[in-house]
Q: 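Got a structure here, written out as structure tokens. Questions coming.
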Number of protein chains: 4
Amino acid sequence: MNVHSCKLRDGMKRTAKRDDIIKASLDLIAEHGFHGAPIALIAEKAGVGAGTIYRYFDSKDVLIAELYRELEEEIVSTLQEGCQEEKSVRDRYIFMCRKLLEYLITHPLNFRFMEQYFNSPYGISLRRDKIIGKRDERNAFERLFEEGISRQVLKDLPVYVLAALTFSPIVSLVRDHTLGLINLDGDVIAKSIDACWDGIKR
Amino acid sequence: MNVHSCKLRDGMKRTAKRDDIIKASLDLIAEHGFHGAPIALIAEKAGVGAGTIYRYFDSKDVLIAELYRELEEEIVSTLQEGCQEEKSVRDRYIFMCRKLLEYLITHPLNFRFMEQYFNSPYGISLRRDKIIGKRDERNAFERLFEEGISRQVLKDLPVYVLAALTFSPIVSLVRDHTLGLINLDGDVIAKSIDACWDGIKR
Amino acid sequence: MNVHSCKLRDGMKRTAKRDDIIKASLDLIAEHGFHGAPIALIAEKAGVGAGTIYRYFDSKDVLIAELYRELEEEIVSTLQEGCQEEKSVRDRYIFMCRKLLEYLITHPLNFRFMEQYFNSPYGISLRRDKIIGKRDERNAFERLFEEGISRQVLKDLPVYVLAALTFSPIVSLVRDHTLGLINLDGDVIAKSIDACWDGIKR
Amino acid sequence: MNVHSCKLRDGMKRTAKRDDIIKASLDLIAEHGFHGAPIALIAEKAGVGAGTIYRYFDSKDVLIAELYRELEEEIVSTLQEGCQEEKSVRDRYIFMCRKLLEYLITHPLNFRFMEQYFNSPYGISLRRDKIIGKRDERNAFERLFEEGISRQVLKDLPVYVLAALTFSPIVSLVRDHTLGLINLDGDVIAKSIDACWDGIKR
DNA sequence: GATGAATGAGCGTTCATTCAT
DNA sequence: CATGAATGAACGCTCATTCAT
């Protein structure tokens, strides 16, 4: 009941509404694509008026871009945590792949949104910035690839080839799993990741 | 001058117009996405009236689905031709991968359309019908995978995993190449395909 | 029933619909201002669908600009006809003023639209092109003013001052008349025009 | 600390805020038109909350109407001051015209707002209340016109005609001057006012 | 059969107004 | 009393689809 708690409540309420909108957008876009997520529906699902959305986001494009940015941040930080630098390149690769796969499988909405995003006009300008693609901000995977190449543990291929040999199969499997076309159990997952390693190791 | 010949002429005329419509749709969607391909523009580019399109396709969705089906047919038949059954599993794998890669790179419009299609509401219902996914109509790759597994040349993994380890990296590399982000020369292509083989071979 | 009449009918039909839209816009804007003329209302009053308007005009702005252009053309050509060049400057001035006044009074919708147009963002860029303002396309009044100045019949004032002394009072009187605030009979009209002449004559 | 002084303080505070709102509205509307003056922007510019505006004005329309009324009051009182009743009708006419012109030129925001106001739905219901139009509250100009008519110095025309011959040219010239289309120097101003006099004098 | 003018539902967005705090 | 977040009706505009010719 004091000023501090009031501020907290205000802050939370404002954030809560913004998050409702973000969440509703994620749900609708993940499930029905961009066409299936008109502002009116997002507003309804978020329990707000349509105009309210424009208090938090300048436009639908901005809303989607921010949603993407939040998800990207989450996934990047997830990948970076818990990796033990003292382990071998292979162990770290397996660890990170497993983590990525687990994240994608346990966050199917996030995954399906990212898929939609990358293959839409919204994401075209961000294509280069995909998980592995950024030149000026190497992520964990990319650093690992480079270390592996220089240690002569990995094939001497461009990093983007190693990335394609890693992420694409994982994403493809998760997609089919998420759509219910296949069922990824722990055994298949482990073997699939091992196979990825076989593909890139020297 | 009889009914039959009349039908033939009509049929040919209809087919020619139909193909114009299909081609115009392919061009526009590949280049500008679904948003950049309204029916009126497709009609104009195809040199037909907008209403005419509805004589050949029940709806825009059907038009797009048929376009997809035609492209799929073409790519499947391309992959199947010229493969020498007497060669080793590895040789046939390399041969077919190279063919697929060459096809995708030399048919960027087809490739870009397929990409758009898979990541849109249009493609969701057809996801199961992807190149390798059909249960009731095994294609060349799938047969090769099964042969390789039974000969103990390939890892004992579900076919869809072998498919993911093969097609996804190829598609990913072609995408980046088509978008101009990378440049796939013959050396990188050969090494990439070899790496795919390393991933699936026992 | 021949081809020619068919073409005529088509042409007329297309023109008729366009004219319906123009007329509905004129009526609504003249009576209720730009705010009182949303596209939906214009469409309803014109007896067409809202989308139809965009077959004839790229945007609402373009529709309004074309409406203005048509009215301007009509009024300019009205002013130019029947003026006898051999008469005195005064006679021609009186004649043209009377014609302008009569036109405005007998076309109150046109008049009210022009009033709205000039005092709106639409008309700002056309301000210089008002009846008397164009430098590169002198109209009848402007030519008359210049002749009168050089003949030393009119005061040696900038043309825009003579224009202001002529058009503004006329427009003002017509406005009040059109709004029903005053009633301009023939006698008042004649005397008012004479007074304008007294204002500009040397 | 009594109720009265409280009311006074409140009253002053309210008036100050009210004036801020009025001023912000004037600035925005004069500069950007009615479309460029949403309530939120007026509130921001006035340094008050959007809801606060509705404590002082029932609606945006009322706000604008009151703004108009204040400007009208100011201009009317400006015109009335300093006029020496003992001078001739002509001298007083020239004096008041010059004052009006000077006021309009030195108060371009007021002028531009009034212009916007008269040619908008807001102003239609107030048309009769224009500077010279009120029957029940004769202003200085109107009294001067009537005096001039009865003294047979001015033409025997309805007062509204004399008004049109006076105000309209002045307003028109000021508008073009304010818009930068022309430049009114002292000489042109003097001659223009003389011309107005020539128009109305007997 | 072929046409393309016409349609109107649906889109993203704005903004005068309200009301809980 | 003052606030500004929230609202939702209304806007200009698009485009898949229909249908009279």
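Chain naming here is simple, since letters A, B, ... match the order of the sequence lines and numbering starts at 1 in each.
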Q: Would you say C:K17 places a side-chain N or O within less than 4.0 Å of OP1 or OP2 belonging to E:dA5?
A: no
Q: Roughly how bent is the helix from E:dA2-F:dT21 to E:dT21-F:dA2 end to end, in steps of 10 degrees, with each end axis from five pairs?
A: 10°
Q: Please report the distance, rounded to the nearest Å, between CG in A:D58 and C1' in E:dT14.
A: 13 Å
Q: Taking the minimum atom-to-atom distance to the side chain of C:P38, which one of E:dT13, E:dA16, F:dC11 wins?
A: F:dC11
Q: Within the 4.5 Å heavy-atom criterion, are D:S25 and D:I22 side-chain neighbours or not?
A: no
Q: How many Å lie between CZ on D:F34 and P on E:dA16, as a whole number?
A: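 Rounded to the whole Å, the gap is 12 Å.
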Q: Hey, is the main chain of B:V48 close enough, under 3.5 Å, to the side chain of B:T52 for a donor-acceptor pair?
A: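 The answer is no, because no donor-acceptor pair under 3.5 Å joins these two groups.
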Q: Where do D:I64 and D:F113 land on the side chain to side chain contact (heavy atoms under 4.5 Å, CB included) test, with the steps shown first?
A: CA-CA 10 Å; D:I64 288 167; D:F113 170 80; 4.0 Å; yes
Q: Could you walk me through whether C:Y54 and C:D58 pass side chain to side chain contact (heavy atoms under 4.5 Å, CB included), step by step?
A: CA-CA 6 Å; C:Y54 292 86; C:D58 282 350; over 6 Å; no
Q: C:F57 has an atom CZ; how far is it from atom P of E:dA5, in whole Å?
A: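 It works out to 14 Å between those atoms.
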Q: For E:dG1 and B:R55 - does any side-chain N or O of the residue sit under 4.0 Å from the phosphate oxygens OP1/OP2?
A: yes
Q: E:dG1 phosphate, OP1 or OP2: any side-chain N/O from B:Y56 under 4.0 angstrom?
A: no
Q: Once ring-ring contact (aromatic ring centres under 6.0 Å, His included) is applied, do any residues pair with C:H32, and if so which ones, sequence neighbours excluded?
A: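 With sequence neighbours excluded, C:H32 shows a ring-ring contact (aromatic ring centres under 6.0 Å, His included) to no residue whatsoever.
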Q: If you assign each of C:K60 and B:A40 to its closest nucleotide in DNA chain F, which residue comes earlier from the 5' end?
A: C:K60
Q: For A:D61 and E:dT13, what is the distance between atoms CG and C1' respectively, to the nearest whole Å?
A: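 Rounded to the whole Å, the gap is 12 Å.
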Q: In whole Å, I'd like the distance from the CD1 atom of D:I21 to the C1' atom of F:dA2.
A: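 Result: 11 Å.
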Q: Checking all strands, does C:I39 fall into the base, sugar-phosphate, or nothing category for heavy-atom contacts under 4.0 angstrom?
A: sugar-phosphate
Q: Any idea which heavy atoms bring C:F34 and C:Q116 closest together, and the distance?
A: CE1-O, 3.4 Å
Q: Describe, in one word, how the ring planes of D:Y117 and D:Y68 are oriented to each other, choosing from parallel (under 30°), tilted (30 to 60°) and perpendicular (over 60°).
A: parallel
Q: Does anything in residues 41-51 of chain B come within less than 4.0 Å of DNA chain F? Heavy atoms only, and list the residues if so.
A: B:G51
Q: Evaluate side chain to side chain contact (heavy atoms under 4.5 Å, CB included) for D:L71 paired with D:L26, printing each intermediate quantity in order.
A: CA-CA 10 Å; D:L71 294 183; D:L26 171 60; 4.0 Å; yes
Q: In this structure, how many angstroms lie between the C1' atom of E:dG12 and the CG atom of A:L28, rounded?
A: 16 Å
Q: So that I can tick it off, tell me whether D:K23 and D:D19 are bridged by a salt bridge, with the cut-off set at under 4.0 angstrom between side-chain N and carboxylate O.
A: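 Looking at D:K23 together with D:D19, the answer is no, because their closest N to O distance does not fall below 4.0 Å.
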Q: Per the side-chain contact (heavy atoms from CB on, under 4.5 Å) rule, which among A:E70, A:E72, A:E74 passes with A:N110?
A: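 With A:N110 as partner, side-chain contact (heavy atoms from CB on, under 4.5 Å) holds for just one option, A:E74.
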Q: Using atom CG of B:L63 as one end and atom P of F:dA16 as the other, report the distance to the nearest whole Å.
A: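 Taking atom P of F:dA16 as the reference, CG of B:L63 is at 10 Å.
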Q: Rounded to the nearest Å, what distance is computed from the CD1 atom of residue D:I53 to the C1' atom of nucleotide F:dT3?
A: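 Computing the D:I53:CD1 to F:dT3:C1' distance gives 12 Å.
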Q: OP1, OP2 of F:dT7 versus side-chain N and O of A:T52: anything below 4.0 Å?
A: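 True: A:T52 side-chain N/O within range (under 4.0 Å) of F:dT7 OP1/OP2.
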